[in-house]
Structure formats: C-alpha cells, structure tokens
Amino acid sequence: MSKTETLVRALVDKHGKSRNSLMPVLQGVVKEERYLSEEAMLEVARELDISAADVFGTASFYTFLDTVPRGSYVIRVCKTIACHMAGKDVVIDALSDMLKIKVGETTVDGKFTLLTANCLGWCHKGPVMLVNDEVFPQITAQKAVEIVEEYARKK
Amino acid sequence: MEHKTIKKVDIIFAKDTCNPRELLSKTLQRNPDDIILDIIDSGLKGRGGAGFPTGLKWKFTRNEVSEDKYVICNADEGEPGTFKDREILDQVPEKVFVGMAVCGYVIGAREGYIYLRGEYNFLLRSLNAKLETFNALMKELKFDFHISIRSGSGAYICGEESALFESMEGKRGEPRNKPPYPTRAGYNHKPTAINNVETLVYTTMITRLGPTEFKALGTQDSRGSKVFSVSGDTPIAGIYELELGMPLADFVDSFGDGDTKAVQVGGASGHCVPRKQFRDTIIGFEGIPTGGSMMIFNSSRSMYNVLHDYLEFFTEESCGQCTPCRVGCQQLLKGIEAVKRGERKPDYLEELKKLADTMKVAAKCGLGQSVANPFNSIVNNFREEIIY
Ligand SMILES: Cc1cc2nc3c(=O)[nH]c(=O)nc-3n(C[C@H](O)[C@H](O)[C@H](O)COP(=O)(O)O)c2cc1C
Ligand code: SF4
Ligand code: FES
C-alpha cells in the first residue's frame with residue numbers, strides 16, 4: 001500500500017465511512033501532504049464509496065483544500081482592508097523578495113508557498129499571516145522575514 | 001427614540017462567572033419551556049448578523065418532532081473586521097459549551113458541533129482538550145449530549161447557515177433555498193438550532209441570572225450588550241463589549257482618532273456611514289445592526305480603495321451558484337474600475353447601483369443580497385472619490 005493509501009484509510013477509520021466525513025478526511029490529507037493529489041482523491045472516493053467527481057467537486061470549492069502541490073510551509077498573508085491599511089503590501093513584497101517567488105508560487109526546494117488570504121480575524125492587529133496553522137499577528141516586513149527564516153532552518 | 005450613551009459592559013469575558021457543573025445540574029432540573037420563556041423574555045437576538053430572536057429559534061426547534069436534532073455553534077467568523085468570536089473561544093470557551101448544552105437540553109438534541117473556521121485551527125488543541133473535560137462532565141451528570149468540532153477550509157460563505165450544513169455534509173458550501181429553515185431541516189436535513197458563538201454565551205448568562213439583568217441593558221429593540229470588533233484608524237483597536245443602542249457619534253468620540261471620515265458598520269456586507277450621519281445613526285437593530293464589526297476610516301483613506309477591496313472580497317467569496325451574485329459582483333468591480341479610469345461616464349454609477357439593487361432581490365443568499373449595502377452607501381456618500 002502506498003503512503004497515501006495508508007493515510008486515507010487511517011483517516012476514514014478515524015472519522016467514519018460516510019459522506020459526512022469527507023471534509024475531515026480531506027483536511028487530514030492536506031495536513032500531512034500539503035495538497036490533494038489525484039491519487040489521494042481517488043482513494044478517498046473509493047474508501048467513502050462516492051464518485052471521484054464528487055470528491056473533486058467538494059475539494060475544489062475550498063481555498064484550503066489545495067489540488068495543486070504546495071510547499072511544506074504554506075504562508076498566507078491577509079490582504080483584506082484592515083491589513084491593507086496596515087501595510088500588507090510591504091510584507092508580501094519582502095517575503096516575495098526573500099523567497100524569490102511571486103504570490104501563488106512555491107520555492108524550487110518545495111519548502112514554501114506564498115499566498116494571500118481574505119480576512120484572517122485579526123484586523124485589530126494587522127498585518128497578519130498564517131504559516132500552515134500557526135498565526136503571526138502584528139508583523140512588519142522585517143518580522144515576517146525573520147519568522148520565515150526560522151521555518152527555513154527547520155527540516 | 002431611546003438614546004443611550006456609550007457604556008462598557010463586562011458580561012462575556014468576565015471570568016469566574018460560569019461554573020459549568022453547578023449551572024448545568026441546576027438547569028437540567030428545570031422545565032425546558034421555562035428556559036425558553038426566559039430567553040424570549042430577555043429579548044436576546046442572534047449576534048451573528050441576522051438578529052433572529054434566539055428564544056423563538058429554540059422554541060421552533062423544540063417543537064419539531066424528530067429522533068435526531070442538532071445544536072451548532074457557528075464559529076466561522078469570516079466577515080472582514082470581525083474577530084470577537086475567536087477571542088471568546090480563546091478566553092471563555094466553557095461559557096460557549098454551556099450555552100450549547102442548555103440549547104441541546106431545551107430542543108432535545110444529543111449532538112452539538114462547533115464549526116470552527118480553518119483560519120482558527122491553532123485553537124483546536126486547547127479547545128479539544130477542554131471539550132474532553134466538558135463531555136466527561138455531561139456523562140457524569142447523566143446528560144446524553146456530546147460536543148465535537150468540525151473545521152472549515154477557508155470559505156467565507158460557509159458562515160451562512162445552510163452553506164455550513166452542506167459543508168458539514170461533505171459538499172460544496174453552496175447555500176440552500178429557504179424555506180425550509182434550519183429549525184426544521186438543517187444539518188442532515190434534521191431540525192437544527194444554529195447560533196453564533198456570542199449568542200450562546202449570552203444564553204449562558206441568562207440561564208444563570210434570569211432575564212432581568214440582560215433586559216436592563218440596551219433599548220426596546222436592541223436588548224442587552226454586544227461585543228464589538230473595532231479596527232481601522234483608531235488608536236485603541238480591539239474587542240469591546242458595549243451596551244446596544246448608542247449613537248455612532250459617541251462611538252466615534254471614544255474610538256476615533258479625531259479625524260474620522262466614515263465608519264463601516266457590520267463589516268464588508270454592512271453599511272458605510274459618513275461623518276455627517278454620525279449623530280443620527282443608532283447602533284442596534286432599530287438603526288444599523290451589526291455582527292460587531294466597526295471599521296474606522298480617517299480622511300487620509302481613499303473610499304474608492306475601500307469599496308474596491310470589498311468588491312474583490314465578494315467576487316472571490318461568492319459561491320458562484322446564482323447568476324445575480326456571481327456576475328453581479330464581477331460587474332460592480334469592473335464597473336467602478338472603468339469609471340475610475342474614465343472609460344465610463346460618472347453616471348454609469350447609477351446603472352451599477354441598479355445592478356446592486358437587483359442583486360438585493362434576485363440573489364439566493366445573504367452574501368449577494370447584501371452587496372448593495374456597502375456599494376450604495378459608499379457610492380452615494382463618496383461619489384467624488386469613486387470618480388476622480
Ligand atoms: C454570507 C454570510 C456569512 C455569514 N457568516 C456568519 C458567521 O461567520 N458567523 C455567524 O455566526 N453567522 C454568520 N452568518 C449568519 C448565519 O447564517 C446565521 O444567521 C447565524 O449563524 C445564526 O446565529 P445567531 O442567530 O446566533 O446570530 C452569515 C450569513 C451570511 C449570509
Ligand atoms: S448570493 Fe452569491 S454566495 Fe449566495 S448563493 Fe448566490 S452566488 Fe452563492
Ligand atoms: S483584514 Fe486582515 S485580519 Fe481582518
């Protein structure tokens with residue numbers, strides 16, 4: 001059994017074999033593999049006994065259920081109004097310079113993906129970014145770069 | 001009209017006011033209908049935006065006959081400018097759990113879910129740990145009720161209740177036609193009481209103290225207090241619990257930076273109030289209702305940029321299911337860009353306003369229906385800024 005198959009089966013065991021488990025199962029795959037590969041979606045469809053088109057249909061609706069490969073660390077900088085006013089542009093530019101990628105791209109080593117997001121719920125402490133599930137409010141360009149450097153040092 | 005001035009309140013975040021064991025063992029002895037009467041009497045209306053009377057919602061769900069019913073806590077909090085539910089779940093989660101349990105007891109549900117937006121996944125670990133303790137307490141009290149958490153995956157529309165159910169059922173977050181309403185057919189098409197995080201905390205407080213203290217706050221139409229998320233051009237951005245029914249002018253005096261040009265009340269889908277209307281605008285259900293977002297703009301801000309940001313937001317977050325909203329959002333955005341570039345005459349804005357008004361009646365859900373709020377209020381009050 002491939003790594004993905006094992007993962008999907010474990011997730012289906014945990015959450016139950018029903019359509020209602022689809023979101024938690026897909027979220028579990030993304031947590032481990034950073035995105036939903038074709039293999040993963042087909043396996044989920046088989047395990048939950050629903051059509052692959054249904055799985056893809058659901059997955060493609062949600063911003064966080066990526067169906068294209070993402071880096072180990074997905075950076076999402078809030079681009080909505082309060083963070084816009086608080087200077088999200090300089091944060092994005094600094095990260096883009098540092099990682100040598102544009103918004104939407106992934107570094108060649110597969111470590112980082114740089115994305116923007118809509119309001120993250122920290123408008124009083126903007127600009128703010130998420131790195132995977134971790135949140136960093138009240139950042140500056142320099143702080144953002146330092147935080148990402150910290151992640152770069154991890155495996 | 002009753003006029004209130006600004007009054008800070010400390011109900012939601014007050015610590016040591018909720019002993020779940022004591023409160024629940026007492027409440028589980030009471031007649032559910034009496035609890036409903038208390039909630040109705042308190043005048044509590046939903047704090048998630050729509051403002052439906054909470055007691056009635058519970059009553060309708062209780063009256064449905066069904067083996068399975070559900071309690072759902074809506075913690076999707078995606079409205080730009082709103083961040084209070086995160087703080088409530090972080091600071092006083094037990095008060096939310098108790099509200100859900102009381103609701104479960106009243107309507108006759110055995111399962112409760114918290115739908116937590118994916119952006120708040122960092123709260124999962126501590127929430128799940130506290131839920132384990134809470135669920136164990138339910139067992140100990142011999143109350144057959146269990147709460148678990150479901151995560152969102154980055155879709156604003158899933159805060160809309162029927163889209164939220166679809167999402168929990170493993171589908172695309174596309175709102176359903178109403179009726180039937182959730183009280184009859186919600187999650188799994190079973191009777192469901194869905195409440196905002198903050199609403200549930202107020203039900204806990206009303207359960208503990210009775211309706212009198214809550215009723216004493218606010219106005220005839222807007223009972224009680226409300227948690228406000230204050231951001232933008234203010235030296236004291238943050239989360240504040242305030243009595244409902246205050247004039248916006250008093251709010252601006254307390255929170256503005258002395259140069260406030262406009263306040264967006266109720267987030268991107270709310271209304272933009274210009275300076276000249278501060279005195280006459282009441283914050284509450286009789287004036288401008290709000291899910292709690294108060295975003296302040298000073299005179300250095302371009303209202304074109306503000307509107308442009310909102311329209312981009314709606315264009316991205318529209319589920320795309322119905323044409324008025326899917327196409328309407330795009331056309332409004334393209335429209336103001338064309339006016340700004342001079343490709344369209346200024347009176348094209350009148351056409352766009354008509355489009356927004358059409359969306360208000362033709363769109364399927366609250367997202368598309370409310371785009372006219374920011375659009376018309378900003379275009380009407382800051383027309384020059386949109387054109388030049
Ligand atoms: C586009 C849209 C987004 C919404 N987002 C939320 C939300 O994030 N949180 C929330 O409590 N209610 C939200 N609502 C309102 C819910 O549909 C529902 O009315 C609410 O959860 C009911 O709880 P309440 O009566 O306690 O306010 C949204 C509505 C719409 C139309
Ligand atoms: S109004 Fe917009 S968000 Fe609502 S159902 Fe229609 S397309 Fe979807
Ligand atoms: S606008 Fe950025 S967190 Fe709300």
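Here the structure is a predicted model, which means the values were calculated and not measured. Just so we're on the same page: letters track the sequence lines, and every chain starts at 1.
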- Message: Using the rule given for side-chain contact (heavy atoms from CB on, under 4.5 Å), can you reason through A:Arg19 versus B:Lys171, listing the C-alpha separation, both sets of side-chain angles and the distance that settles it, and then say yes or no?
- Response: CA-CA 8 Å; A:Arg19 175 82 190 239; B:Lys171 300 179 196 138; 3.5 Å; yes

- Query: Can you tell which of B:Glu77, B:Arg150, B:Lys84 has the highest number of heavy-atom pairs within less than 4.5 Å of chain A?
  - Reply: B:Arg150

- At what distance, to the nearest 0.5 angstrom, does CE of A:Met23 lie from CD of B:Glu169? 12.0 Å

- Message: Which atoms of B:Leu123 are under 4.5 Å from chain A, going by heavy atoms: the side chain, the backbone, both sets, or neither?
- Response: neither

- Message: Taking every non-hydrogen pair under 4.5 Å, which of B:Ala237, B:Gly152, B:Ser167, B:Gly320 racks up the most with chain A?
- Response: B:Ser167

- With chain B, which of A:Leu65, A:Ile81, A:Val135 has the greatest number of heavy-atom pairs at distances under 4.5 Å? A:Ile81

- Message: For A:Asp49, I'd like to know if atom CG has over 12 heavy atoms of other residues, nucleotides or ligands within 6.0 Å.
- Response: no

- What is the distance from atom CG of A:Asp133 to atom CG of B:Leu124, rounded to the nearest 0.5 Å? 7.5 Å

- Query: If you measure from CG on B:Asp309 to SG on A:Cys119, what distance do you get to the nearest 0.5 Å?
  - Reply: 11.0 Å

- Option in B:Ser229, B:Gly238, B:Gly232 with maximal non-hydrogen atom pairs under 4.5 Å from chain A: B:Gly238

- Side chain from CB out, backbone as N, CA, C, O: work out which of these in B:Glu317 comes under 4.5 Å of a heavy atom of chain A, or both, or neither. side chain

- Counting only heavy atoms not in A:Lys31, do more than 12 sit closer than 6.0 Å to its NZ atom? no

- Side chain proximity check, A:Ser60 to B:Arg172, heavy atoms < 4.5 angstrom: yes

- Mind checking the CZ-CG spacing from B:Phe313 to A:Asn118? Nearest 0.5 Å is all I need. 5.5 Å

- Query: If you take all heavy atoms of B:Val230 and A:His124, which pair is closest and at what distance?
  - Reply: O-CB, 3.8 Å

- Tell me, for B:Asn188 versus chain A, whether the close heavy atoms (under 4.5 Å) come from the side chain, the backbone, both or neither. side chain

- Item | Proximity breakdown for B:Met168 and chain A, heavy-atom pairs closer than 4.5 Å | backbone

- Task: Take atom CD of A:Glu149 as the centre, draw a 6.0 Å sphere, and report whether it contains more than 12 heavy atoms from other residues, nucleotides or ligands.
- Result: yes

- Message: Need one label for B:Tyr187: side chain, backbone, both or neither, based on atoms under 4.5 Å from any heavy atom in chain A.
- Response: side chain

- Task: Select one option (side chain, backbone, both, neither) describing which atoms of B:Ile236 are under 4.5 Å from chain A's heavy atoms.
- Result: neither

- If you round to the nearest 0.5 Å, how far is CZ of B:Phe165 from CG of A:Asn20? 12.5 Å

- Task: Heavy-atom pairs under 4.5 Å with chain B are the metric here; pick the option from A:Thr80, A:Leu120, A:Leu22 that has the most.
- Result: A:Leu120

- Checking B:Gln264 against chain A: side chain, backbone, both or neither under 4.5 Å from a heavy atom? neither

- Query: Do B:Phe83 and A:Lys125 pass the side-chain contact (heavy atoms from CB on, under 4.5 Å) test, and can you show the C-alpha distance, the side-chain angles, and the key distance before you say yes or no?
  - Reply: CA-CA 10 Å; B:Phe83 39 88; A:Lys125 292 188 175 167; over 6 Å; no

- Message: Looking at A:Glu146, I'd like to know if its CD atom is crowded, meaning that more than 12 non-hydrogen atoms belonging to other residues, nucleotides or ligands lie closer than 6.0 Å.
- Response: yes

- What's the spacing between A:Trp122 CH2 and B:Tyr120 OH if we round to 0.5 Å? 8.0 Å

- Task: Tell me, for B:Ser293 versus chain A, whether the close heavy atoms (under 4.5 Å) come from the side chain, the backbone, both or neither.
- Result: neither

- Note on the structure: Most contact-rich option vs chain A, by heavy-atom pairs under 4.5 angstrom, among B:Glu316, B:Arg301, B:Glu312, B:Met295, is B:Arg301

- Note on the structure: Nearest heavy-atom contact between A:Tyr62 and B:Ala155 is CD2-CB, 4.0 Å

- Message: Less than 4.5 Å to any heavy atom of chain A: does that hold for the side chain of B:Thr82, its backbone, both, or neither?
- Response: backbone

- Item | side-chain contact (heavy atoms from CB on, under 4.5 Å) between B:Cys319 and A:Phe61, intermediate numbers included | CA-CA 8 Å; B:Cys319 83; A:Phe61 185 84; 3.9 Å; yes

